[in-house]
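Structure first, then comments.
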Amino acid sequence: MTFLLYSLAVLTGAVFLMALTARFRRISGNIFLFSLVMASVLGLFSAISVLVSRAPVDYHLNFRMPLGEFFIGLDSLSAFFLLAITVLFFLAGIYGYAYLKDDHKRNLSVHFVFYHLLFISLILVVAAKNAVVFLMAWEMMTISSYFLITFYHEQKSVRDAGYLYLIAAHAGTFCLWVMFLLMGQHAGSLNFDQMSMSAFPDTLTGLLFVLGVIGFGVKAGFIPLHIWLPHAHPAAPSHVSAVLSGVMIKMGIYGLMRLILIIKIFPEWCAVLLLLIGIISGVGGVLYALGQHEIKKLLAYHSIENIGIIALGMGIGLWGQLYHNEFVALIGYAGALLHVFNHAIFKGLLFLSAGSVIRSTHTGEIDRLGGLLKYLPWTGHLFLIGAISICGLPLFNGFVSEWLVFRALFEGMFHFKMNAIVFSGAGIIALALIGGLAAACFTKAFGAIFLGNSRSIDNSHLKENPWEMCAPMAVLAGICVWVGLFPFTMVSFALGAASSIYPIKTSPIAAGTIISPLLMVVVVLLILIMAIAVLTLLKRISMKFLAIEKSLTWGCGYSHPTNRMQYTASSFADSILRIFRTVMGYSVAKGSSHVVEVCEEFIFRPVFQVIKFLSAKLKIIQCGYTQWYLLYIFVFLLFLLIWKMV
């Protein structure tokens with residue numbers, strides 16, 4: 001715990017120093033880099049030590065706050081999330097420093113200050129053991145991320161995206177305040193350890209779960225509460241998009257897991273709700289992604305898809321917990337947790353790669369790009385690793401966590417009653433569909449951006465970005481491969497964190513027994529790859545003795561093919577999206593396709609219009625006279641007094 005406190009102290013001290021040295025760009029930047037490295041190393045050490053020992057650590061500060069005390073600590077669950085936070089924040093911060101260092105129009109010290117504040121708030125969210133500390137950190141996370149999202153605030157679309165995020169986040173926070181106040185009133189304390197010892201009645205449990213799903217679901221991006229996410233992620237700088245998608249939205253997942261850990265016993269419909277959320281968010285997110293033609297917006301919708309996969313793991317884990325099936329519960333929770341980490345890694349890699357493309361070409365429109373692999377080889381190949389990982393293909397980390405969720409769903413098919421079997425089967429079908437559609441989407445993205453020829457921009461002047469940007473991407477790609485080939489360590493950490501959500505009464509489940517079938521798949525694929533490599537080498541050796549002619553790629557019968565004679569992102573996805581035309585609101589006009597955001601267009605926009613109309617009518621009470629405002633306060637206090645007396 002000492003190292004975590006040191007990490008918070010380093011970040012806090014750096015915030016003040018960067019604010020004082022804001023006018024000195026180089027000094028402020030050096031403070032940012034040094035403090036980022038120190039805090040990340042200390043945080044990483046704290047997380048790994050708790051995950052290895054599985055022994056929780058706590059810290060009480062000797063002063064009281066209103067409604068509680070400053071009480072923080074780490075257990076296996078919070079340490080697992082802290083591991084993802086520190087790894088991604090460190091690498092994205094290094095990348096961000098290089099990404100923005102040529103921008104001399106803005107004061108980067110302000111950006112670095114809010115980056116550290118977001119880092120501090122995320123650490124406090126996962127470490128908080130008191131509801132007031134949790135909500136204070138939650139609000140700090142919202143405010144600091146708002147200023148990071150609106151970095152390019154001179155653009156109206158960016159300001160609108162930040163405003164939408166702020167409204168959605170505070171609506172969710174209101175639900176969390178109500179949830180924690182109800183829990184604290186029933187338990188007699190706002191400390192999580194005291195709450196976990198209370199027995200909540202079924203009616204209250206259901207209400208708390210619904211409030212938690214709404215409050216945490218807004219941050220996580222559950223459909224239909226996701227409307228802020230596709231706007232905020234493309235608006236922010238790419239390294240900020242990486243931490244928003246990689247770790248900040250996972251705080252919603254952490255909050256739900258912490259709620260499950262505290263309450264323990266839920267009605268069966270809660271597991272059904274989580275599985276339905278997972279199915280809708282997973283399938284809906286990937287279908288919306290298929291229809292996008294801007295790279296960061298496409299990646300934003302894939303965040304919703306992967307949150308759906310995590311919800312599937314949580315849902316089947318909760319169902320196993322309700323059926324007292326330890327194996328299904330642990331595998332489901334472990335699969336969800338491991339996918340939290342894996343998604344942080346490969347989605348961070350994809351957003352950073354997208355930022356490299358945008359920085360070089362000054363556009364993120366997929367239909368304007370093409371042929372970039374020859375000019376940005378590091379970016380292209382690292383993007384490919386991230387794409388393979390997010391598709392859940394073997395030898396990469398996404399396959400491991402999705403395989404665990406599949407395993408939990410299949411175990412549910414064999415061990416549960418009929419209603420649970422139906423939903424487990426629906427989850428299996430949805431997860432398989434998600435994987436296939438994700439593969440189609442990233443085939444479109446990689447092919448249109450990096451293969452073929454440029455569709456509109458001149459690539460001749462392009463060159464690879466500096467090593468400070470490529471190195472963090474390479475490290476993230478290395479983690480994708482490491483977890484895919486050697487999953488034992490991360491699966492063990494995920495099982496330890498899952499055991500803190502649902503403590504097992506029998507002997508612990510070893511990671512080796514779970515992943516042994518998976519390791520057989522990996523070994524077979526490695527042998528196959530080695531055989532292909534040997535055959536390729538033999539072919540190249542034999543080709544040296546033959547005369548080889550080089551010519552243009554076959555142009556399908558055209559004697560003078562042009563750059564326009566190739567697939568675009570729209571045309572590639574058209575045949576798939578037409579199948580889901582009714583559900584997606586998909587339309588084609590003049591060669592371009594458009595996907596209607598059903599929730600935004602038909603639910604939230606009409607509601608916002610009503611609120612805007614009522615706000616205009618109620619504006620009359622903001623008269624500008626102090627006497628009237630004092631009268632409002634007096635009437636409100638009088639109302640509270642009468643209500644209390646009655």
Side-chain angles (χ1 to χ4, degrees), residues 213 217 220-224 226 253 268-291 301-320 322-323 325 327-329 331-336 338-339 342-343 389-394 398-444 517-518 521 573 575-584 586 595 598-599:
V213 167
F222 291 155
I223 291 179
H226 69 290
I253 300 299
E268 192 170 352
W269 60 264
C270 295
V272 175
L273 180 61
L274 276 180
L275 282 171
L276 287 176
I277 288 172
I279 293 170
I280 295 170
S281 297
V283 177
V286 72
L287 284 174
Y288 279 127
L290 262 170
Y301 276 110
H302 273 289
S303 296
I304 299 171
E305 168 228 326
N306 282 274
I307 287 293
I309 295 173
I310 295 168
L312 284 173
M314 291 172 59
I316 195 64
L318 181 58
W319 219 320
L322 299 179
Y323 274 89
N325 188 314
F327 188 80
V328 174
I331 300 303
Y333 288 143
L338 185 56
H339 205 70
N342 287 341
H343 179 255
S389 300
I390 198 173
C391 293
L393 297 178
F399 173 73
V400 181
S401 49
E402 289 190 30
W403 184 85
L404 288 176
V405 176
F406 264 123
R407 177 81 182 270
L409 290 168
F410 274 110
E411 290 289 339
M413 289 277 291
F414 297 130
H415 294 95
F416 291 166
K417 297 178 182 178
M418 181 55 66
N419 56 343
I421 292 174
V422 170
F423 285 102
S424 297
I428 292 169
I429 295 171
L431 192 53
L433 182 61
I434 290 167
L437 292 173
C441 188
F442 278 94
T443 302
K444 173 193 86 169
L518 186 147
V521 174
S575 58
I576 300 175
L577 290 173
R578 285 181 185 274
I579 301 172
F580 302 93
R581 177 192 290 265
T582 304
V583 180
M584 302 296 297
Y586 176 64
V595 175
V598 177
C599 298

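When reading the values below, keep in mind they use all heavy atoms of this one structure, side chains included, and skip hydrogens, waters and symmetry mates. It should be emphasised that the depicted structure is a prediction, and the values quoted were computed from it without experimental measurement.
By the 4.5 Å heavy-atom criterion applied to side chains, Phe442 and Ile390 are counted as neighbours. The shortest side-chain heavy-atom distance between Asn419 and Trp319 falls under the 4.5 Å cut-off. His302 has its side chain within reach of Cys441: a pair of non-hydrogen atoms, C-beta onward, lies under 4.5 Å apart.
The two residues Phe222 and Val213 have their closest heavy-atom pair at CD1-O, 4.2 Å. Nearest heavy-atom pair across Leu290 and Lys444 is O-NZ, 2.8 Å. Considering all non-hydrogen atoms of both residues, Ile421 and Met413 come closest at O-SD, 3.3 Å. Summarising the geometry of Ile307 relative to Ala220, their closest heavy-atom pair is CG1-O, 3.4 Å, with the distance given to 0.1 Å. The two residues Ile434 and Val286 have their closest heavy-atom pair at O-CG2, 4.2 Å. Contact record, Phe399 with Leu393: CB-O, 3.1 Å, taken as the closest heavy-atom pair.
Taking CD1 of Ile277 as the reference point, atom CD1 of Ile280 lies at 8.0 Å (rounded to 0.5 Å). To the nearest 0.5 angstrom, Ile223 atom CD1 is 8.5 Å from Tyr301 atom OH. One distance of note links CD1 of Ile279 with CD1 of Ile428; it measures 10.5 Å at 0.5 Å rounding. Interatomic distance, CD1 of Ile310 versus OG of Ser401, reported as 8.5 Å (0.5 Å rounding).
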Set out, in order, the CA-CA distance, both residues' side-chain angles and the distance that settles side-chain contact (heavy atoms from CB on, under 4.5 Å) for Ile304 and Tyr288, then state yes or no.
CA-CA 10 Å; Ile304 299 171; Tyr288 279 127; over 6 Å; no
Derivation of the side-chain contact (heavy atoms from CB on, under 4.5 Å) call for Phe423 and Val272
CA-CA 7 Å; Phe423 285 102; Val272 175; 3.5 Å; yes
Decide side-chain contact (heavy atoms from CB on, under 4.5 Å) for His343 and Ile309; before the verdict, give the C-alpha distance in whole Å, the side-chain angles of both, and the deciding distance to 0.1 Å.
CA-CA 10 Å; His343 179 255; Ile309 295 173; over 6 Å; no
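In this structure, the side chain of Ser389 does not engage the main chain of Gly398 through any donor-acceptor pair within 3.5 Å.
Judged purely by distance below 3.5 Å, without hydrogens or angles, the side chains of Glu411 and Asn325 never pair a donor atom with an acceptor atom.
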